[in-house]
Amino acid sequence: MDKAQVASMLEEIATLLALKPEASVFELRAYENAARALVSVDGDLNQLVAEKKLKGTPGLGPTMIKRVEEAVQNGKIAFLDELRAETPAVKLEMMRIPGVGPKKINAIYDQLHVTTLAELEQVCKDDKVAKIPGFGKKTQEKILQGLAFLKQHADRFRFDVAFAEAERIRTALATLPEIVRLEVAGSLRRRRETVKDIDMVASVDDNAPEEAREKIMSFFTTQPTVISITGKGTTKSSVVVASGIAMDLRVVSDSQFPSTLHHFTGSREHHIPLRRRAQNMGMTINDYGLFKISEGKEELVPCHEERDIYAALKLDYIAPELREDTGEIDAAAQHKLPKLVEQSDMRGILHAHTTYSDGQKTLREMVEGCIERGYSYLGITDHSKAAAYAGGLSEEDVRRQWAEIDQINAELQGRFHILKGIECDILKDGALDFPDEVLAGFDFVIASIHSNFNLSPEEQTKRMLKAIANPYTSIIGHPTGRILLGRAGYTLDMEAVIDAAAEQGVCIEINAHPSRLDMDWRLVRKAREKGLKVPLGPDAHAIEGLDDVFYGVGIARKGWLSADDVPNTYTSERLIEFFRAQRERRLSQ
DNA sequence: GCCGTTTTCGGCCCGACTGTTTTCAGTCG
């Protein structure tokens, strides 16, 4: 039983408590808090429990510790089982319908006794839901729409999909002279790997006439990518865009813009301690501003930018990517936030493929793509021979590629440099796919798993640890193999992997492909704390794939990385020396 | 259920929007 598993059990308790009319909302919140507290605790949970080290963790009181211990020792929590037993499964399913919460669920259940979502759909169609006191036609229609939406989508979208939709509309809106400031907010601005919807905030001049807002909203709701309008007013409008993502636009007076943007950027988890801090300082925050409370009256604290809000709370500016309540507020108070890596820090590409294996472009074309984008080096990493499905390179292919690299490097001397790399398969037993004498010829080696995903967690971890122990391994590629919204990835003990990599001085990449974003930012954070270097790999199979670095930068920032934590921000000379020293140190161990 | 430089009891973030009502409950972020 690991932390994530126990945390999800605590979350389930919170949800089930929400469905119990007599339960206290504060008890419920205590379970939510405990779940999050547990995830961010350091160390192996079994060991923490055995050594009684959970005591003193904020958010984990005596009851919560008892629940966690029970989960670890018995694999279950009796209280959770009790709640499950007394809660019909359909109530949990109904929680996923937008606009439907515990109160409505209980009312529908008590009055109509539905046992499945299909039955719920039927009683809506039979006009029975609208007749429940406090309900009406619109609520019934909204439930039907929500059910249809649930059927169509798993209700989350990949970052890149949502980002592209948001950019289309943002660029269009930016042409309106009425708009003073315009920003994407929400989880998209925080660079979450998947998002539920898109939030956008625009401002108009404080003295702008009502027509200005109306014009903006009409323009917004008639964009070509809008497939349906779910709400239209002068302060907020909601639409669904082509890929099925819901999108909200809020229009506020420019003086309110920083507060509104901040509010809708979230996260909710970040805002809770921030508001508590404000309260302790005699202030209050809402989406219209920051107010000083004196003698019962609220006095606006002028904020021209988001930065001013944090400054008024005696905090360094907290970048949106960090607003997840994972210690950023304390760090900001103590001036200990890192200077986050930026796209402009990136000097070269590590992890790209060519026509030698499964890439679509030649080595030379990939080099040209890098030069056009202002990069000064490319670490080329085609597949090794075990990846037969991807045209993995034989030793002979490798030597042929090295010859071409030497030739192009000679041509481009002083302007651009290609590093000889390989994405070498980690075989089932943890050995690498080339013998040492071949591996020694590469400037660097990315070791990745592409087969045997279904080993037991123990075996998979052992396999990965063996690959890390190989002195020629420079970087571990896409460490969990997950495909966002597609597959979970192989199960292995990532904390053990990070510890081993830290001990041996091996890097773990952030695979920047938007369907992977692997390693996960929560793990990046842990890797940084252990002192790992984390390169960004676009895993490009075509020229445009080089641009995926952008997604990786977002994840690196969410993992609190600075430029110095990311080797491909180094100059090519420094990077080559970094890999050389890494190998020398490991061979001498 | 958790927590404490005003507190071991009495708080716990806050406001808008929607849909239903005619003054408000529920949901959301």
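In the text below, chain A, chain B and the rest are named by the order of the sequence lines, each starting its count at 1.
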- Protein heavy-atom contacts under 4.0 Å, written 5' to 3' over nucleotides 4-12 of chain B as B (base), S (sugar-phosphate only) or - (none), form the string --------B
- Query: Roughly how many Å is it from NZ in A/Lys55 to C1' in B/dC2, rounded to a whole number?
  - Reply: 14 Å
- Item | For atom CZ of A/Phe291 and atom P of B/dC14, their distance in whole Å | 13 Å
- Excluding sequence neighbours, so at least two apart, what forms side-chain contact (heavy atoms from CB on, under 4.5 Å) with A/Glu342? A/Lys339, A/Ser344, A/Asp345, A/Arg557
- Message: Measuring only the P atom in each nucleotide, how far is B/dT6 from B/dC2? A whole number of Å is fine.
- Response: 24 Å
- Message: Please determine whether a side-chain nitrogen of the Lys or Arg among A/Glu328 and A/Lys336 lies less than 4.0 Å from a carboxylate oxygen of the Asp or Glu.
- Response: no
- Specify the residue among A/Thr284 and A/Tyr31 whose closest nucleotide of DNA chain B lies further upstream toward the 5′ end. A/Tyr31
- Item | Partner nucleotide, any strand, of B/dG26 [Watson-Crick/G-U, under 3.5 Å] | B/dC17
- Scan A/Pro58 against the nucleic acid and name what it touches under 4.0 Å (heavy atoms): base, sugar-phosphate only, or nothing. sugar-phosphate
- Task: Mind calculating the distance between NZ (A/Lys66) and P (B/dC2) to the nearest angstrom?
- Result: 10 Å
- How far does the C1' atom of B/dT20 sit from the matching atom of B/dA25, given to the nearest Å? 9 Å
- Item | Qualifying residues under side-chain contact (heavy atoms from CB on, under 4.5 Å), relative to A/Val100, sequence neighbours excluded | A/Ile97, A/Lys104, A/Ile105, A/Ile143
- Query: Considering residues at least two apart in sequence or located in another chain, which fulfil the ring-ring contact (aromatic ring centres under 6.0 Å, His included) criterion with A/Tyr288?
  - Reply: none
- Where at least one partner belongs to residues 240-264 of chain A, residue pairs that pass ring pair (Phe, Tyr, Trp, His ring centres under 6.0 Å), sequence neighbours excluded: A/His262-A/His271, A/His262-A/Tyr310, A/His263-A/His271
- For B/dT21 versus B/dT27, give the span between their P atoms, rounded off to a whole number of Å. 15 Å
- Euclidean distance, atom CG of residue A/Asn286 to atom C1' of B/dC14 [Å, nearest integer]: 7 Å
- Message: Just confirming the chi classification of B/dT7, syn or anti, using 90° around 0 as the syn window.
- Response: syn
- Separation between the P atoms of B/dT7 and B/dG1, rounded to whole Å: 26 Å
- If we take the C1' atom in both B/dG15 and B/dC9, what is their distance in whole Å? 28 Å
- With sequence neighbours excluded, tell me which residues meet side-chain contact (heavy atoms from CB on, under 4.5 Å) with A/Phe163. A/Phe159, A/Glu167, A/Leu188, A/Phe550
- Query: Which value, in whole Å, describes the distance between the P atoms of nucleotides B/dC17 and B/dC12?
  - Reply: 24 Å
- Looking at residues at least two apart in the chain, or sitting in another chain, which of them share a side-chain contact (heavy atoms from CB on, under 4.5 Å) with A/Glu27? A/Leu17, A/Ser24, A/Tyr31, A/Phe79
- Message: To the closest 0.5 Å, what do you measure between CG (A/Asn74) and CD1 (A/Ile77)?
- Response: 9.5 Å
- Please identify each residue that fulfils salt bridge (charged side-chain N to carboxylate O under 4.0 Å, His left out) with A/Glu86, with sequence neighbours left out. A/Lys20
- Could you write nucleotides 16-29 of chain B as a row of B, S and -, 5' to 3', where a protein heavy atom under 4.0 Å of any base atom gives B, of only sugar-phosphate atoms gives S, and otherwise -? SS-SS-----SSSB
